[in-house]
Student: 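Once you've had a glance at the structure underneath, I'll fire off some questions.
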Amino acid sequence: MNLIELIKQPWPWYVAGPLIGLMVPLLLIFGNKTFGISSSLRHICASCVPAKIPFFQYNWRKEIWNLFFVFGVFIGGIITLLYLKDGGAVVVNPKLVAELSQYGITDYSGLIPNDLFSWASLSTPRGIIMMLFGGFLVGFGTRYAGGCTSGHAIMGLSMLQFPSLVATICFMVGGFIMANLILPFILSM
Amino acid sequence: MKETLKNTNTDFEMRSLDAICISEEEIKTPSWHNLKYLLFGILFGIILIKAEVVSWFRIQEMFRLQSFHMFGVIGSAVAVGALSVFLIKKFNIKSIYGEEIKFPVKSMNKGQIIGGLLFGFGWAMTGACPGPLYAQLGYGATVTLVTIFMAIVGTWVYGLLREKLPH
């Protein structure tokens, strides 16, 4: 099996995790930057619609590296789609497959379920809630918490910061509540 | 001169509000140097997708404790990150520009709890945190544009209400 074929396979956690962790020293050493992504959303607000809100009154150009980084993540997605796709569907726990099939979610070919997230499902109640409300909570929650999975869970925990531990635990608790207790109602809509 | 300095400091304080990844560069670097961040971003995007951590299905598995995958990824990433930070501090490693590497210290507030829970809800719904959203879009899920737009709206509304929210 050649290298490209190997790269095309889904990567196991013990390969991907350390590589993600290496982003921390890479950004620190090559530019004295602390790893974090959700701030990019704030810089977009500050650059496009500051609307005289004090929270967006700062020189966002000083944080432009962050926008370069997230644009890179987008390009990385395109490169993977074009050159590194393996074509197989994601393999998940059979229990999850059984549960999701109750809600008509059976297509595992994409990163996000086509049965749930598509332009067409924007006209369904569950599509609206999942995409519009879910997206809103991602933006609102990360900023309120002061960081996301990269800023708090990875960078913050790497720096052994207590607030980041609290934030990470809350991310997980929120996710558990949503996935197990609330999502069944939304998906049944 | 004094005025300029004051302005810069206020600007830095404003930028550091509710943000963990903020940094004040003392050394002025040419703007094309930003291209390295583009490259790092590309690498990060490829890793996120190939590790399936941007998969909505994998996130559902994680929150149902049905797979070790996500916990393994996050856990080993933190282990490598923490070891790197430890080594950088211990050997006082400088950045390539010769700068001292600084680590911002964040103070505890209610935001990490309330905001954290709200983001957790959003993460389980969209199957994505902010980084993965950009990766999903690049990977051809065009409808993610809607989710990203709403995440920007969410950030904006937070900025609008910030003074009224408990911190």
Side-chain angles (χ1 to χ4, degrees), chain A residues 11 13 16-21 24-25 32 34 36-39 41 45 53 55 58-59 65 68-70 72-78 80-81 90 92-93 111-112 130-131 134-149 151 157-158 163 166-167 170-171 174-175 178-179, chain B residues 11 14-15 18-21 34 37-38 41-42 45-47 49-51 55-57 63 66 72-73 76-78 80-82 84-85 95 101 103 106 108 111-112 115-122 124-126 129-131 134-136 138-140 146-147 150-151 154-156 158-159 162:
Chain A
W11 302 356
W13 65 266
L19 286 175
I20 293 174
V24 169
N32 217 347
T34 36
I37 289 185
S38 62
S39 292
L41 298 168
C45 289
I53 296 168
F55 190 63
Y58 60 92
N59 185 4
W65 74 274
F68 273 86
F69 188 80
V70 298
V73 174
F74 167 70
I75 304 281
I78 297 177
T80 317
L81 175 69
V90 58
V92 294
N93 193 310
L111 291 176
I112 49 178
M130 297 290 277
M131 283 184 271
F136 182 90
L137 286 176
V138 169
F140 188 88
T142 50
R143 201 70 279 120
Y144 199 172
C148 59
T149 331
L157 287 186
S158 294
V166 173
C170 290
F171 297 165
M178 177 54 70
Chain B
D11 182 66
M14 187 48 76
R15 271 186 289 136
D18 309 320
I20 197 150
C21 62
N34 280 317
Y37 302 113
L38 186 76
I42 291 174
I46 294 173
I47 299 169
I49 295 176
K50 293 319 294 182
S55 164
W56 184 87
F57 301 101
F63 287 136
Q66 290 168 337
V73 169
S76 56
V78 172
V80 169
S84 315
V85 170
S95 78
I101 292 178
F103 298 96
K106 287 285 138 188
M108 190 63 220
Q112 282 113 16
L117 288 171
L118 292 176
F119 165 54
F121 293 162
M125 289 166 91
T126 61
C129 22
Y134 299 105
Q136 288 178 349
Y139 202 62
V146 176
T147 321
M150 286 311 292
T155 306
W156 192 86
Y158 169 74
R162 187 174 188 281

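Below, read A as the first sequence line, B as the second, and so on, with proteins coming before strands; counting in each chain starts at 1.
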Student: Among A:Pro25, A:Ser158, A:Gly21, A:Pro18, who wins on heavy-atom pairs under 4.5 Å with chain B?
Tutor: A:Ser158

Student: Which pair of non-hydrogen atoms, one from A:Val73 and one from B:Gly131, has the smallest distance, and what is that distance?
Tutor: CG1-O, 3.6 Å

Student: If you look at every heavy atom in A:Phe55 and B:Arg162, which pair is closest and at what distance?
Tutor: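 Looking at all heavy atoms of both residues, the closest pair is CD1-CD, 3.4 Å.
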
Student: Kindly compute the distance separating OG1 (B:Thr155) from OH (A:Tyr144), expressed to the nearest 0.5 Å.
Tutor: 14.5 Å

Student: So what's closer than 4.5 Å to chain A heavy atoms on B:Val73: side chain, backbone, both or neither?
Tutor: both

Student: Could you give the distance from CG (B:Leu118) to CZ (A:Phe171), rounded to the nearest 0.5 Å?
Tutor: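 Between B:Leu118 CG and A:Phe171 CZ, I get 11.0 Å after rounding to 0.5 Å.
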
Student: Against chain B, label A:Val24 side chain, backbone, both or neither, depending on which of its atoms sit under 4.5 Å from a heavy atom there.
Tutor: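 For A:Val24, the side chain is the part near chain B, not the backbone.
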
Student: Check whether any side-chain heavy atom of A:Val138 sits under 4.5 Å from a side-chain heavy atom of B:Phe119, and report yes or no.
Tutor: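 In short, these two side chains touch, coming nearer than 4.5 Å.
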
Student: If you compare all heavy atoms of B:Phe57 against all heavy atoms of A:Ile112, which two are closest, and at what distance to 0.1 Å?
Tutor: CE1-C, 4.4 Å

Student: Mind ranking B:Gln136, B:Gln112, B:Met108 by heavy-atom pairs under 4.5 Å with chain A and telling me who comes out on top?
Tutor: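 Among the listed options, the one with the most contacts to chain A is B:Gln112.
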
Student: Between B:Ser95, B:Gly116, B:Gly122, who has the most heavy-atom pairs with chain A when the cutoff is under 4.5 Å?
Tutor: B:Gly116

Student: Give the intermediate values and the outcome of side-chain contact (heavy atoms from CB on, under 4.5 Å) for residues A:Thr80 and B:Lys50.
Tutor: CA-CA 8 Å; A:Thr80 317; B:Lys50 293 319 294 182; 3.5 Å; yes

Student: Is the number of heavy atoms from other residues, nucleotides or ligands under 6.0 Å of B:Trp156 CH2 greater than 12?
Tutor: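 No, the 6.0 Å shell around CH2 holds no more than 12 heavy atoms from other groups.
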
Student: Should A:Met131 and B:Met150 be marked as a side-chain contact (heavy atoms from CB on, under 4.5 Å) after you check the CA-CA gap, both sets of side-chain angles, and the distance that decides it?
Tutor: CA-CA 8 Å; A:Met131 283 184 271; B:Met150 286 311 292; over 6 Å; no

Student: Can you tell me which portion of A:Leu137 sits under 4.5 Å from chain B's heavy atoms? Options are side chain, backbone, both or neither.
Tutor: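 For A:Leu137, backbone and side chain are both near chain B.
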
Student: Looking only at heavy atoms, what is the nearest atom pair of B:Ala124 and A:Gly175, with distance?
Tutor: CB-O, 3.7 Å

Student: Would B:Tyr139 and A:Ile78 count as a side-chain contact (heavy atoms from CB on, under 4.5 Å) here? Give the steps.
Tutor: CA-CA 5 Å; B:Tyr139 202 62; A:Ile78 297 177; over 6 Å; no

Student: Of all heavy-atom pairs between B:Ser76 and A:Trp13, which one has the smallest distance, and what is that distance?
Tutor: OG-O, 3.7 Å

Student: For a quick test of reading the model, state the closest non-hydrogen atom pair linking A:Met178 to B:Phe121 and the distance between them.
Tutor: CG-O, 3.4 Å

Student: Please test A:Thr142 against B:Tyr158 for side-chain contact (heavy atoms from CB on, under 4.5 Å), starting from the C-alpha separation and ending with a verdict.
Tutor: CA-CA 10 Å; A:Thr142 50; B:Tyr158 169 74; over 6 Å; no

Student: Quick check for you: to the nearest 0.5 Å, what is the distance between B:Leu38 atom CG and A:Phe74 atom CZ?
Tutor: 11.5 Å

Student: Looking only at atom types and distance, does a side-chain atom of B:Asp11 sit under 3.5 Å from a main-chain N or O of A:Asn59, one as donor and one as acceptor?
Tutor: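 It does hold such a pair.
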
